[in-house]
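Notes for the one structure printed next.
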Amino acid sequence: MVRITLPDGSVKEFANAPTVGEVAASIGAGLAKSALGGRVGTTGANLAKDGELVDLAHPIESDSSLAIVTAKNRDGTVSPDALYLLRHSCAHVMAEAIQRLYPGVQLVYGPPLETNFYYDMLFPDGKVMSADDFEKVEAEMAKIVAENRPFTRYELPIADGIAKLEKEGSKFKLDNAQRAVEAGSKSLSWYATGEPGKNWEDLCRGPHVPATGKIGAFKVLSLASSYWKGDEKLDRLTRVYGTAFATKEELEQYARLQEEARRRDHRTLGKQLRLFHIDEMVGQGLILWTPKGSIVRNELQNFIGTELRKQGYHQVYTPHIGKLDLYKTSGHFPYYKESQFPAIVEGDDLTKLCDSGCSCGELVARIDGVSAQFARELNERTGREVIAQDRVMDADKLINGFLLKPMNCPHHAKIFASEPHSYRDLPVRLAEFGTVYRWEQSGELNGMTRVRGFTQDDAHLFVREDQVAEEVLGCLSLVKIIFATLGMHEYRVRVGLRDPDGTKYVGDPANWDKAEQACRDAAKTLGVPFSEEPGEAAFYGPKIDFVVKDVIGRSWQLGTVQVDYNLPVRFDLSYTGQDNKPHRPVMIHRAPFGSMERFGGVLIEHFAGAFPCWLSPEQVRVLPISEKSAAYADELVAALKARGVRASVDHGNDRVQAKIKVAAEEKIPYMAVVGPRDAENRVVSVRARGVEANLGEMPFDAFVSGIAAEIDARLLSGAPGTVQAALTK
RNA sequence: GCCACCGUAGCUCAGUGGUAGAGCACACCCUUGGUAAGGGUGAGGUCGAGGGUUCAAUCCCCUUCGGUGGCUCCA
C-alpha cells in the first residue's frame, strides 16, 4: 500500500504504486486533464524546496508527499514548475523541428531557464541558421504541437544505453550520458516525442509535460553561440533560444514585458535623456558624462559624501597612474596583466631597447621582472613565494614604467603608511571617488554597466583586528541608507566565504573565522535575505557583495565590502599598539555604489529615467501660457534658482500643451504652468511628472520653498512631504 | 577575444545596382493660445571607414572600425 499526502494535508491510499497521473485522476477529472507533472518528496517534505519534479507517468513507489503541477497554482499565479516542464518539452520540439529542417544537426544540451530555454547544437560544416529561419522553425514546431504526441520515457541499462549512443555516433550525447553515470545515474533515460523507435527521441533526464499539445504558446527568440562545455578550445555550438508558456496570453504578456524592458534600458534612456555618451573616437567602454548625467552623478556623490563625513571618513585624492613597483608590491602586476591597460614605458627607454635589438619577449620579461632584493623582502614579509624566482633579474636590466591604476587600494595603503599610527588613531578611513581602468574584453562591454574606465566610490579602512566587526557593520549601514533613499529593494546579498578545503587563502584561520562571522552578522542587519557562498571569498579575505538585476534580467554586482589581510602585509603596514610594539592593521575595502558608471546605469533603469526631484538634471520647468506671462515666469525661475533649484523657462512660442509634452518627455519632475491668472494671484499651477492632470494652484512662495525642501530631504517622487503629495492628498 | 546579426539626417527608422526619403528635433515666419503635439517655410546626409567587382555600388564581395545578443572573463 502506498500513502500519498497531498498539499492540503489529506492522505490518499493506493494498493499499488500509482502514477502521478493516476493520483490526479483519483482527485478529479478536471485535475487529471490539466495536470502537467508532479512534485514528490518524502512524506512531510517541503516540496517546493526538496521535492523532485517528475513526469505525470512517474510511478510513486513508497509513501510520499505529492503536489500535482498544473499551469496555474490554485491562487491563479503561474507555476514555475509548469513553465519548467513546458520549456524543457518545447526545447525537444524545437530540436526535432530544426533537425527536420537542417539534416545533420547534432544536438548537445537543451535546458529550460528562468524565462526561456535554449538548445545548443552543432550545425554541419557550411550550414548556419539565421533569424530569418525562425518562422520556418516555428511552423514546423506548430505541426509537432498540433500532433499532440505524448512524451514517452524509456530507460536502458547503462551499458546498452552507451552502446546505443556509440552506434548513433553523437559524441555530445555520449558525453552527457557519461557525465550522468559519473554523477551516479543507475540507468539512462530517453524521451520519445511519440512512440519509441518510431518518432524523434532524445537522451534526456526529463521530466516533460505529458504531450506536445500541452505547449500552449511558444516562440523562437534568438541565436547565439557557445562553446561545448564552455571551453573555447572545444566545438563552437549554435545556441538557439526560445520560450514557451501555457497560454498565448502569457506569451503576449512576456513580449510586452520585453518591450517595456527595452524602453527602460539605460542605453536607450541615456541617449534619449542625454545622460551620457560613448564615442567611437574616445574609445570603447569609456563613458562621457554629459551635463545632465553629470548632475545625477554629482548629486549621488554629494549624498554619499555627506554620509561619509558623518561616519568619520577622510577624503583623499590620488593620481590615475602609479609606478609598476607599486603594483608589483600589491600583486596586481603582472598577475592581472590581461585585464589591465598595458604598462606605460618612457619613450626614450623603449627606443634605446629597440635599437639594441631587444625582443618583445625579453621586453615583457624586463617589465615584469623585479630585483633580487625586492623579491626577498616581499617573500619574507608574506611568508610565501609570492615572487617566483624566474621573475628575478639584475637590477640594471629592469625596465621601469607606470600603470593606469586598476585599483585604488595601493595608493591608499601608501597614504596610510606615510605617517606613524597609534592604536588610538584607528580606524583610519580613507575615501576617494577613484577612477580606475581595466582592460575588459571588447565583447563584454555593455553601456555603463561594464566599461573600461570607471570611478569607484572607494574607501579603505585601516582597522585593528578587534574593530573589524564594527567597521564592516558601519559599511553596511551606509549601503542600507543608500538603498533606502533610492527606494531600491530588489537586490541580492552574497556573503563570500572561504572554501573549507581551499589552500589559496592568506591570513590566520582564526582571524578568518572572526571576519567571516562579522560579515555574516553584518549581512543579517540588512533585513534582506542573503546567501552564504563558500569559495566565493577573495584569497585575501571574506566579502559581502550586492547584486542587482538590470531590465534584461542580467545580474550586476554593485556595492562590495571586503576584508583584506593581504595588502597590509605586502605593504608592511603597521600601527603602534598599547604594548608599544608594531601591529598589523586589517584593511577593509568598500564601495557602496560599486562604480558611479554601473550604479548610474542601474539607477537609470531603476527609475526608468524618472529620477526623484533631488537627482533630476532639471527639477522644475516653468511654462508660461504666452509671452504676456514671461516676466512672471522669469521671476519664478529666479526665485527657484536662488534656492538652488535647477529650473528653466520654456519661452518657446508653442502652446502649453506642446510645452507640457516636451517637459514630460524629458521626465522633469515638476511643471509650473503660469498665466495671467496665476500672476494676478501670485500662485503657480503645478503638474507633477506621471500625473496627467493639473494638480492645482499653490502660492508662489510655498511652491518655491516646497520644492527646495523636497530636494533637501532627498525624497522619492510622490513620497509624503513632497509638493506632489501635498497637492494630491 | 569568439560566433551570429546590425551600421542610411542630431534621434527613431523607410528605401534602391543608375549618387536618397519620412516623422521628431533644429532655424525662420505666422499664431499669444490655460494643461500631453497650432500652421507654414527651410536647412541638414562623401548611406561607419578602406579596398574590390561593375559602364555605374548606399545596395554585391573582402577587410576594418563600432554596436547588439550570447559564450568566455570580471582582482
Side-chain angles (χ1 to χ4, degrees), chain A residues 116 118 120 123 128-132 221-241 262 265 267-268 271-274 277-285 327 330-333 335-340 406-407 409-410 436 438-447 449-452 537-541 543 545 552 554 556-557 560 562 564 566-567 589 594 598 623-630 651-665 671-678 685-697:
Chain A
N116 53 15
Y118 67 79
D120 278 346
F123 277 70
V128 282
M129 186 171 157
S130 89
D132 299 336
L221 295 174
S222 61
L223 286 169
S225 93
S226 63
Y227 299 108
W228 189 29
K229 299 181 185 181
D231 184 341
E232 62 180 302
K233 287 188 266 310
L234 300 177
D235 300 74
R236 182 167 8 259
L237 309 170
T238 301
R239 177 169 293 185
V240 189
Y241 279 87
R262 268 190 289 279
D265 191 308
R267 291 164 301 185
T268 311
K271 202 180 272 183
Q272 248 169 45
L273 301 175
R274 301 265 141 82
H277 174 66
I278 299 171
D279 195 280
E280 270 188 43
M281 198 177 276
V282 175
Q284 294 179 286
Y327 302 103
S330 70
H332 293 117
F333 188 87
Y335 297 108
Y336 298 107
K337 209 159 60 175
E338 288 70 38
S339 40
Q340 288 165 177
M407 307 204 103
C409 15
V436 297
R438 301 183 190 178
W439 187 258
E440 305 288 358
Q441 297 188 81
S442 64
E444 261 314 315
L445 299 171
N446 182 282
T449 43
R450 188 77 182 265
V451 293
R452 283 183 174 162
F539 72 90
Y540 51 77
K543 57 177 185 171
D545 291 328
I552 321 230
R554 285 180 294 211
W556 298 103
Q557 184 194 310
T560 182
Q562 307 182 356
D564 182 358
N566 180 48
L567 280 188
H589 310 244
R598 179 175 291 178
L623 312 178
I625 302 252
S626 74
E627 280 170 20
K628 288 174 196 147
S629 309
H651 279 308
N653 58 1
D654 290 314
R655 300 205 206 179
V656 235
Q657 287 91 324
K659 294 180 182 179
I660 287 170
K661 179 160 192 293
V662 169
E665 272 168 0
M671 293 173 230
V673 178
V674 292
R677 278 203 316 258
D678 304 282
S685 299
V686 182
R687 271 185 83 113
R689 179 187 53 211
V691 185
E692 292 194 20
N694 180 358
L695 292 180
E697 294 176 347

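Predicted model only: the values in this text are computed from it and were never measured. In the text below, chain A, chain B and the rest are named by the order of the sequence lines, each starting its count at 1.
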[M] and [N], which share atom name [atom1], separated by this distance in whole Å:
{"N": "B:G52", "M": "B:A20", "atom1": "C1'", "result": "24 Å"}
{"N": "B:U46", "M": "B:U41", "atom1": "P", "result": "26 Å"}
{"N": "B:A25", "M": "B:G66", "atom1": "C1'", "result": "25 Å"}
{"N": "B:A4", "M": "B:G45", "atom1": "P", "result": "36 Å"}

State which of [options] makes the closest approach to the side chain of [X].
{"X": "A:Arg267", "options": "B:G34, B:G69, B:A37", "answer": "B:G69"}
{"X": "A:Glu692", "options": "B:A75, B:G34, B:A36", "answer": "B:A36"}
{"X": "A:Tyr241", "options": "B:G34, B:C71, B:A75", "answer": "B:C71"}
{"X": "A:Ile625", "options": "B:G33, B:C71, B:A75", "answer": "B:G33"}
{"X": "A:Lys271", "options": "B:G34, B:U12, B:A36", "answer": "B:U12"}
{"X": "A:Gln657", "options": "B:U35, B:C71, B:G10", "answer": "B:U35"}

Within this structure, what is the [atom1]-to-[atom2] distance between [X] and [N], rounded to whole angstrom?
{"X": "A:His277", "N": "B:G67", "atom1": "NE2", "atom2": "P", "result": "11 Å"}
{"X": "A:Glu697", "N": "B:G34", "atom1": "CD", "atom2": "C1'", "result": "11 Å"}
{"X": "A:Asp654", "N": "B:C30", "atom1": "CG", "atom2": "C1'", "result": "13 Å"}
{"X": "A:Asp120", "N": "B:C71", "atom1": "CG", "atom2": "C1'", "result": "9 Å"}

What I want to check is whether an N or O donor and acceptor connect the side chain of A:Ser222 with the base of B:G70 at under 3.5 Å.
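No, the side chain and the base share no sub-3.5 Å donor-acceptor pair.
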If you take atom types as modelled and just measure distance, does the side chain of A:Arg450 reach the base of B:C74 with a donor-acceptor pair under 3.5 Å?
yes
ring-ring contact (aromatic ring centres under 6.0 Å, His included) involving [X] - partner list, sequence neighbours excluded:
{"X": "A:Trp556", "answer": "none"}
{"X": "A:Tyr118", "answer": "A:Tyr241"}
{"X": "A:His332", "answer": "none"}
{"X": "A:Phe333", "answer": "none"}

Quick check: does any side chain N or O of [X] sit under 3.5 Å from a backbone N or O of [Y], one acting as donor and the other as acceptor?
{"X": "A:Asp231", "Y": "A:Lys233", "answer": "yes"}
{"X": "A:Arg598", "Y": "A:Thr449", "answer": "yes"}
{"X": "A:Arg452", "Y": "A:Glu440", "answer": "yes"}

Can you tell me which stems RNA chain B forms, taking runs of 3 or more consecutive Watson-Crick or G-U pairs with both distances under 3.5 Å?
B:1-7 with B:65-71, B:10-13 with B:21-24, B:26-30 with B:38-42, B:48-52 with B:60-64
Would you indicate, yes or no, if B:U31 has its OP1 or OP2 atom less than 4.0 angstrom from a side-chain nitrogen or oxygen of A:Arg655?
no
Do the side-chain N or O atoms of A:Lys229 get closer than 4.0 angstrom to the phosphate oxygens (OP1, OP2) of B:C71?
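Result: no.
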Does any part of the side chain of A:Asp564, heavy atoms only, come nearer than 4.5 Å to the side chain of A:Gln562, both counted from C-beta?
no
By the 4.0 Å heavy-atom rule, please label [X] as base, sugar-phosphate, or nothing.
{"X": "A:Asn446", "result": "sugar-phosphate"}
{"X": "A:Phe539", "result": "nothing"}
{"X": "A:Arg689", "result": "nothing"}
{"X": "A:Gly230", "result": "sugar-phosphate"}

Could you go through nucleotides 42-45 of chain B and list every protein N or O atom that sits under 3.5 Å from one of its N or O atoms, giving the distance for each pair?
none

Side chain to side chain contact (heavy atoms under 4.5 Å, CB included) filter on A:Glu665, not counting sequence neighbours, yields A:Lys661
Test side chain to side chain contact (heavy atoms under 4.5 Å, CB included) applied to A:Ser685 - qualifying residues, sequence neighbours left out:
A:Val673, A:Asp678, A:Asn694, A:Glu697
Pair A:Arg438, A:Tyr336 - check side chain to side chain contact (heavy atoms under 4.5 Å, CB included), show working.
CA-CA 10 Å; A:Arg438 301 183 190 178; A:Tyr336 298 107; over 6 Å; no
If you find the nucleotide of RNA chain B closest to A:Gln272 and the one closest to A:Asn694, which residue's nucleotide is nearer the 5' end?
A:Gln272
When you match A:Ala538 and A:Leu445 each to their closest nucleotide on RNA chain B, which lands nearer the 5' end?
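Taking each residue's closest nucleotide, the earlier one in sequence belongs to A:Leu445.
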Taking only Lys NZ, Arg NE, NH1 and NH2, and the carboxylate oxygens of Asp or Glu, determine whether A:Asp265 and A:Arg267 approach each other closer than 4.0 Å.
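Looking at A:Arg267 together with A:Asp265, the answer is yes, because their closest N to O distance falls below 4.0 Å.
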Protein proximity profile, nucleotides 1-6 of chain B - base contact B, sugar-phosphate-only contact S, no contact -, cut-off 4.0 Å on heavy atoms:
BBB---
Just jot down the salt bridge (Lys or Arg N to Asp or Glu O under 4.0 Å) partners of A:Lys659, sequence neighbours excluded, or say none.
none
What nitrogen or oxygen pairs link the protein and nucleotides 24-29 of chain B at under 3.5 Å?
none

N/O contacts under 3.5 Å, protein versus nucleotides 46-51 of chain B?
none

